[in-house]
Asker: 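The structure is given below, and queries will be raised subsequently.
Counting from 1, the numbers follow the sequence of the chain as shown.
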Amino acid sequence: MSEHQNTPGDGSAHGDGETRYQQEVSELEARSATAARLFDIRRIIGGLFVVYGVMVMIAGFTASDADLRKAQDININLWTGLGMLVLGLLFLLWLKLRPTAPPPPEPEPGPGPGAGAGSASGPGA
């Protein structure tokens, strides 16, 4: 009775479902790799340093004479902002030059050695 259930039509339908499953897995792996690149810590740190560096540099450009006298005539906000901006740009340059490698594809689980021959010509075939 189980021999009649394993018709060639069932095998092709199973193959179509398996192909669809493999396509879905491939799409999810691609999305995962994209998300990993998007949330790379270098991008986050670099972006924050650039934004805060620009803000501190603006504060340095608008510093008053009293502010400069407090810091012994060194515009510390301007220099700190410039340093932060350079550091942030270096992080972003590092990200551009050495992007995150996508994860290696996992080997597909297949039949073990010798299992393929036994399942193809099983009893009742």
Asker: Shared ILVMFWY cluster between L89 and V54, side chains joined below 4.5 angstrom?
Answerer: yes
Asker: What pairs meet the side chain to side chain donor-acceptor pair (under 3.5 Å) rule with one or both residues in residues 71-88, with sequence neighbours excluded?
Answerer: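 Sorted result for residues 71-88: empty, none.
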Asker: Please round to the nearest 0.5 Å and tell me the distance separating atom CG of L92 and atom CG of D40.
Answerer: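 Here the rounded value is 10.0 Å.
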Asker: Does some side-chain heavy atom of L68 sit less than 4.5 Å from a side-chain heavy atom of I74?
Answerer: no
Asker: My understanding is that only residues two or more places apart in sequence, or in another chain, count here; which of them pass side chain to side chain contact (heavy atoms under 4.5 Å, CB included) with V51?
Answerer: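 Partners of V51 under the side chain to side chain contact (heavy atoms under 4.5 Å, CB included) test: M55.
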Asker: Membership question, hydrophobic clusters at under 4.5 Å side-chain separation (ILVMFWY): are V56 and L90 in the same one?
Answerer: no
Asker: To the closest 0.5 Å, what do you measure between CZ (R42) and NZ (K96)?
Answerer: 12.5 Å
Asker: Cluster partners of L97, using ILVMFWY side-chain heavy atoms under 4.5 angstrom, listed by chain and number?
Answerer: L93
Asker: Side-chain heavy atoms under 4.5 angstrom apart, residues restricted to Ile, Leu, Val, Met, Phe, Trp, Tyr: same cluster for L48 and W94?
Answerer: yes
Asker: Looking at residues at least two apart in the chain, or sitting in another chain, which of them share a side chain to side chain contact (heavy atoms under 4.5 Å, CB included) with F61?
Answerer: M57, L78
Asker: Listed by chain and number, what are the side chain to side chain contact (heavy atoms under 4.5 Å, CB included) partners of F49, not counting sequence neighbours?
Answerer: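 Expected list: I45, M84, L87.
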Asker: With sequence neighbours left out, write down each residue that passes side chain to side chain donor-acceptor pair (under 3.5 Å) with T62, or none if nothing qualifies.
Answerer: none
